[in-house]
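What follows is a set of notes on a single structure, which appears directly below.
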Protein chains: 2
Amino acid sequence: MKKHAVIIVDDHSLMAQALAGLVNEFDEYKVLDTFKNGAELIAGFNAGTKDPEIILLDVKMPVMDGFKTMEWLHTNKPNVQVIVISMEDHENTVLKMLKLGAKGFLLKDTEPDILKSALDTVLTNGFFHTQLVADALLHQSKTGDVIKDDALKETELEFLKLVCQEKTYNEIADIMCKHPKTIDGYRQDLFDKLGVRNRIGLVLYAIRNDLVKL
Amino acid sequence: MKKHAVIIVDDHSLMAQALAGLVNEFDEYKVLDTFKNGAELIAGFNAGTKDPEIILLDVKMPVMDGFKTMEWLHTNKPNVQVIVISMEDHENTVLKMLKLGAKGFLLKDTEPDILKSALDTVLTNGFFHTQLVADALLHQSKTGDVIKDDALKETELEFLKLVCQEKTYNEIADIMCKHPKTIDGYRQDLFDKLGVRNRIGLVLYAIRNDLVKL
DNA sequence: TTAAAAAACAGGAAAAACCCTGATCATTTT
DNA sequence: AAAATGATCAGGGTTTTTCCTGTTTTTTAA
């Protein structure tokens with residue numbers, strides 16, 4: 001019997017290797033290779049790695065993160081089914097990945113047999129939905145405007161980073177060489193845009209969306 | 001040949017199962033069992049699970065986290081060697097775990113052969129040190145006062161969590177059924193204790209030390 | 001039991017954050 | 001050229017936060 005080829009992309013070696021062992025235990029699947037990030041994956045393809053049927057993709061990775069990798073895969077390997085495996089269950093992440101073409105979304109605390117059925121289902125149905133994904137899609141309207149964090153301008157981003165450094169708005173005005181009232185404008189715009197009440201909301205948003213490193 | 005018994009405690013099923021597969025591939029080791037958290041581990045012991053030689057312990061877990069579990073193990077199973085396996089490389093976490101009696105500290109992005117040598121070394125030497133651990137010990141003096149986040153009292157912790165929910169101090173006073181001035185006292189104490197200037201510092205501290213979930 | 005320590009409460013004040021509205025200037029769009 | 005857009009700046013007011021310095025009450029320990 002020909003086994004379905006799987007590639008794993010995860011910067012946590014233990015996780016990647018271990019995941020590989022798990023997949024290899026499923027009779028119908030075989031791990032072709034594992035990579036530490038998107039860049040390595042692409043390098044692998046260029047070096048002759050054959051296309052798998054399924055890629056298990058982590059979100060948080062250095063060098064080339066899950067989103068960028070997903071984007072690349074969707075345009076360059078449209079026939080490869082991608083299942084995202086993430087630590088966090090942020091709805092934004094789920095939605096972003098689905099929009100980028102992911103066929104499934106699993107959390108790292110998923111039971112192994114769910115992984116098995118995710119693999120099976122993605123191959124037969126082309127997608128695998130958990131409750132998590134359903135919820136994310138349901139709340140889409142509510143969080144719809146929050147998703148596009150691409151909408152954050154450079155100035156707003158810089159402002160946000162400074163807020164996350166315990167700076168006061170006056171200090172931020174100095175650093176950014178802008179009038180304090182301008183800074184107050186940034187603040188107001190971001191409050192509206194992100195739907196938060198105060199600076200803490202900004203910090204939480206920035207952290208949740210990896211706009212700042214801890 | 002008799003194999004060394006290992007138990008894995010990690011709330012991420014995929015990680016736990018996969019890790020088990022990995023350890024089972026090492027000739028000299030055998031996974032006795034896996035548990036989702038400290039409470040389940042203890043329940044397992046009570047239900048007759050035999051003591052392993054080594055426990056691989058995750059830090060972030062619901063119900064009974066790594067620290068509490070480590071504490072319990074150190075007093076109740078002093079002969080079991082514990083290797084902590086963590087996502088984050090916070091020095092505080094490393095030091096805390098070492099103080100609680102952990103014999104090794106690995107990150108989840110460790111290479112599998114490092115895990116192998118960690119297992120071997122812990123059995124023969126009684127500990128396994130990586131550069132990470134060495135660094136943590138070196139900086140111990142500097143961060144000495146920050147380490148003891150045990151010093152955070154229950155009220156302070158509750159206050160901190162509410163701060164991380166965009167609440168104002170007056171709202172927090174209502175929720176905690178305390179006078180606003182009392183809350184202001186908590187705030188001041190925490191500012192001094194943690195060395196921060198404003199609420200944002202509190203939020204960052206809470207997040208960095210996993211006191212709140214994102 | 002009494003002394004000491006810790007937790008809760010208080011007043012007052014300055015700084016910072018928050019909110020709304022509108023003006024000015026430069027750049028794009030039509 | 002005129003209109004629309006977007007970024008910057010402004011005024012002025014309310015609320016919240018931050019920072020002092022204390023007092024009272026409760027808990028803990030000697």
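Residue numbers start from 1 in every chain, and the chains themselves are labelled A, B, ... in the order their sequence lines are given, proteins ahead of strands. Note that the structure is a prediction, hence the values are computed from the model and not measured.
- Applying the salt bridge (Lys or Arg N to Asp or Glu O under 4.0 Å) test to every pair with at least one member in residues 53-64 of chain B, sequence neighbours left out, gives these pairs: B/Asp58-B/Lys108, B/Lys60-B/Glu88, B/Lys60-B/Asp210.
- In the model, B/Tyr29 has a side-chain atom that pairs as donor or acceptor with a side-chain atom of B/Asp120 under 3.5 Å.
- Ring-plane geometry between B/Phe45 and B/Trp72 is classed as parallel, the angle between the planes falling under 30 degrees on a 0 to 90 degree scale with a further cut at 60.
- Remark: B/His179 NE2 to B/Asn170 CG distance equals 9.5 Å, nearest 0.5 Å.
- Within the model, atoms CD of B/Glu40 and OG1 of B/Thr69 stand 11.0 Å from one another, a figure rounded to the nearest 0.5 Å.
- Between A/Arg197 and B/Glu171, at least one side-chain N (NZ, or NE/NH1/NH2) sits under 4.0 Å from a carboxylate O, which counts as a salt bridge.
- Of the inter-residue distances, the one linking A/Lys167 atom NZ with B/Asn198 atom CG reads 10.5 Å to the nearest 0.5 angstrom.
- Rounding to the nearest 0.5 Å gives a distance of 9.5 Å between CG of B/Asp10 and CG of A/Asp109.
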Polar pairs (N or O, both sides) under 3.5 Å between protein and nucleotides 4-8 of chain D?
unit_1 : atom_1 : unit_2   : atom_2 : d
D/dA7  : OP2    : A/Lys153 : NZ     : 3.3
D/dT8  : OP1    : A/Lys178 : NZ     : 3.2
D/dT8  : OP1    : A/Tyr186 : OH     : 3.2
D/dT8  : OP2    : A/Tyr186 : OH     : 2.5

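- In this structure A/Asp184 satisfies the salt bridge (Lys or Arg N to Asp or Glu O under 4.0 Å) test together with A/Arg187, sequence neighbours excluded.
- For the C1' atom pair drawn from D/dT15 and C/dG22, the interatomic distance equals 22 Å after rounding to whole Å.
- Within the model, atoms CG of A/Leu56 and CG of A/Leu115 stand 6.0 Å from one another, a figure rounded to the nearest 0.5 Å.
- Of the two residues near DNA chain C, B/Cys177 and A/Ile200, the one whose nearest nucleotide lies more 5' is B/Cys177.
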Report each atom pair, protein N/O against N/O of nucleotides 11-17 of chain D, whose distance is under 3.5 angstrom.
unit_1 : atom_1 : unit_2   : atom_2 : d
D/dG11 : N7     : A/Lys181 : NZ     : 3.1
D/dG11 : O6     : A/Lys181 : NZ     : 2.9
D/dG12 : O6     : A/Lys181 : NZ     : 2.4
D/dT17 : OP1    : B/Arg199 : NH1    : 3.1
D/dT17 : OP2    : B/Tyr169 : N      : 2.8

Residue pair A/Leu160, A/Tyr186: steps toward the side-chain contact (heavy atoms from CB on, under 4.5 Å) verdict: CA-CA 9 Å; A/Leu160 207 46; A/Tyr186 296 162; over 6 Å; no
Using a cutoff of under 3.5 Å, can you pull out all pairs of nitrogen or oxygen atoms linking the protein to nucleotides 22-27 of chain D, with atom names and distances?
none

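- Reading DNA chain C from its 5' end, the first and the last nucleotide to sit under 4.0 Å from a heavy atom of chain B are C/dA7 to C/dC18.
- Interatomic distance, CG of B/Leu57 versus CG of B/Leu100, reported as 10.5 Å (0.5 Å rounding).
- No option in A/Leu190, A/Thr182, A/Asp189, A/Ile175 other than A/Leu190 meets the side chain to side chain contact (heavy atoms under 4.5 Å, CB included) test with A/Phe159.
- To the nearest angstrom, C1' of D/dC20 lies 8 Å from CD of B/Gln188.
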